[in-house]
Protein chains: 2
Amino acid sequence: MPDHPPPAFVPARELIAAHGGRVTRTRVAVIEALQASPHPLSHDEIGATLAAAGIAHDRVTLYRALDWLVEQGIAQRIAGGERAWRFEIRSDGEHRHAHFHCDRCGQILCLEDVPAGPDPALPAGFELARSELVFHGACADCGREGAKAAKR
Amino acid sequence: MPDHPPPAFVPARELIAAHGGRVTRTRVAVIEALQASPHPLSHDEIGATLAAAGIAHDRVTLYRALDWLVEQGIAQRIAGGERAWRFEIRSDGEHRHAHFHCDRCGQILCLEDVPAGPDPALPAGFELARSELVFHGACADCGREGAKAAKR
DNA sequence: GCTTTTAATGCTACAATGTTGCATCAAACA
DNA sequence: TGTTTGATGCAACATTGTAGCATTAAAAGC
């Protein structure tokens, strides 16, 4: 179903070094996991990926690695329908796009074709840093099964 | 700063009864708190309002009261920059508008003039339930103080 | 290659937010 | 007024995220 033409990503090691950070197992693995995924990943999912790759890691370390990536502009956060954040890699020059959150399975996917929209006219004194456009509903897989236990 | 012309809200008791729910202190107070606020309130803020009004309440009860309001379409959730949800009353027939989240003070306010935008063309099989357009940055108050401890 | 420096890591402990189960209470209705 | 059952209040727990600090190892200098 993911129909992304895989972008030519900058190698993780270069990306990290270019931002003046130390190239560590954790960071490399996190970036590669994000790059390999067609949709934004949660902290939990990334942790599972690292574990599957046999890379020992601590919950806190992962939080901090992700914080650093966001801080550096390498990755970005998307607020899903739950409390947890999702993360996706920020390909340089890529346009900001909207996201779709499936309220049943919780999956978030990128709507590459839907731009995040124009900047609004904000009241005086307000500074705009970024915008988030998230659509909610049921994805094709969940929608087919009819309205089952759709909470929230 | 809030420049809302206060909408003529349906009295809380009627609103609850119209949805087939029991008219309880908690629900009435929650609805009135939301109706009185110019911006979406967090669970915590609502709890504080109830406490200030001398209405005994339990954390869980408040969660459930809010769940019910959302379920009934009386209120709606907005995902802020933190984990916690914000709630606002849904005036009937009101247009969906965007929100602004101040990354410094955490406040969310309504951008009444900014529509939530047109529905996107979703892949086949997808069902759209609602959309959320949230802008992030610094509000006028926080922006004036310059970039202090602006994390995330 | 070896040493030094300090950024990252991995613990532990904790805070905040939200959920589940169940006994009790009280709103609505006869 | 009594009955029914939706709503509440409590306790216990789950999840997500943060703070402090000792230890490790990446990178730079020798």
Side-chain angles (χ1 to χ4, degrees), chain A residues 12-31 40-48 50-51 53-72 74-75 77-87 103 106 108 149 151-152, chain B residues 12-31 40-48 50-51 53-72 74-75 77-87 103 106 108 149 151-152:
Chain A
R13 318 187 75 89
E14 288 179 25
L15 210 45
I16 298 169
H19 284 84
R22 290 188 181 172
V23 178
T24 64
R25 279 180 315 164
T26 308
R27 284 183 181 170
V28 171
V30 169
I31 291 177
L41 296 174
S42 67
H43 172 278
D44 216 38
E45 290 169 321
I46 298 170
L50 294 215
I55 294 171
H57 67 284
D58 177 72
R59 229 161 46 87
V60 180
T61 301
L62 185 45
Y63 275 118
R64 290 196 272 233
L66 287 167
D67 277 350
W68 185 81
L69 291 181
V70 171
E71 197 180 297
Q72 297 298 320
I74 296 174
R77 265 184 252 266
I78 298 105
E82 307 92 29
R83 310 174 255 179
W85 292 99
R86 305 289 175 128
F87 299 85
D103 292 337
I108 288 194
K151 198 199 170 189
R152 133 171 346 164
Chain B
R13 317 188 75 89
E14 287 179 26
L15 211 43
I16 298 168
H19 284 84
R22 287 189 182 174
V23 180
T24 64
R25 280 179 317 166
T26 309
R27 286 183 181 170
V28 171
V30 169
I31 291 177
L41 295 174
S42 66
H43 172 278
D44 216 37
E45 290 169 320
I46 298 169
L50 294 214
I55 294 172
H57 67 285
D58 176 73
R59 230 162 45 87
V60 180
T61 301
L62 184 46
Y63 276 118
R64 290 197 271 233
L66 286 167
D67 278 349
W68 185 81
L69 291 180
V70 171
E71 197 179 297
Q72 297 298 319
I74 296 173
R77 265 183 251 266
I78 298 104
E82 307 93 27
R83 307 175 259 179
W85 291 99
R86 305 288 175 130
F87 299 85
D103 292 336
I108 288 194
K151 198 198 168 188
R152 133 165 351 161

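Listed nucleotides C/dC11, C/dG18, D/dT18 differ in distance to B/A84; the shortest reach to its side chain belongs to C/dG18. Which of C/dC11, C/dT19, D/dG9 sits closest to the side chain of B/H57 comes down to D/dG9. Closest to the B/R64 side chain, of the nucleotides C/dG21, C/dT19, C/dC11, is C/dG21.
DNA chain C lies under 4.0 Å from at least one heavy atom of each of the following residues of residues 22-30 of chain B: B/R22, B/V23.
Expressed to the nearest 0.5 Å, how far NE2 of A/H43 lies from CZ of A/R77 amounts to 11.0 Å. Note that OG1 of A/T61 and CZ of A/R27 are 10.5 Å apart. Values are rounded to the nearest 0.5 Å. A distance of 5.0 Å separates CD1 of B/I31 from CG of B/L15, quoted to the nearest 0.5 Å.
Listed pair B/T61 / D/dA7 fails the phosphate criterion, with no side-chain N or O lying under 4.0 Å from OP1 or OP2.
If you take OH of A/Y63 and P of C/dA16, they are 15 Å apart, rounded to a whole angstrom. The interatomic distance linking B/H19 (NE2) with D/dG6 (P) rounds to 18 Å, in whole Å. Put simply, CG on B/D44 is 12 Å from C1' on C/dA15, counting in whole angstrom units. Taking atom CG on B/D58 and atom C1' on C/dA26, their separation rounds to 16 Å, with Å as the unit. In this structure, B/H43 places its NE2 atom 11 Å from C1' of C/dT19, rounding to the nearest Å. The CD-C1' distance, from B/E45 to C/dT17, rounds to 14 Å in whole Å. In this structure, CZ of B/F87 is placed 7 Å from P of C/dG18, rounded to the nearest angstrom. Separating the CD atom of B/E71 from the P atom of D/dG6 is a distance of 13 Å, rounded to the nearest angstrom.
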Evaluate side chain to side chain contact (heavy atoms under 4.5 Å, CB included) for B/R13 paired with B/V28, printing each intermediate quantity in order.
CA-CA 6 Å; B/R13 317 188 75 89; B/V28 171; 4.2 Å; yes
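Here the side chain of A/H19 pairs no donor or acceptor atom with the backbone of A/A17 at under 3.5 angstrom.
When base pairs are accepted only as Watson-Crick or G-U wobble with both N-N or N-O distances under 3.5 Å, DNA chain D takes part in stems of 3 or more pairs at C:1-30 with D:1-30.
Both B/R59 and A/V60 sit near DNA chain C, but only A/V60 has its closest nucleotide nearer the 5' end.
Partner of B/I74 under the side chain to side chain contact (heavy atoms under 4.5 Å, CB included) criterion, out of B/V30, B/L69, B/L66: B/L69 alone.
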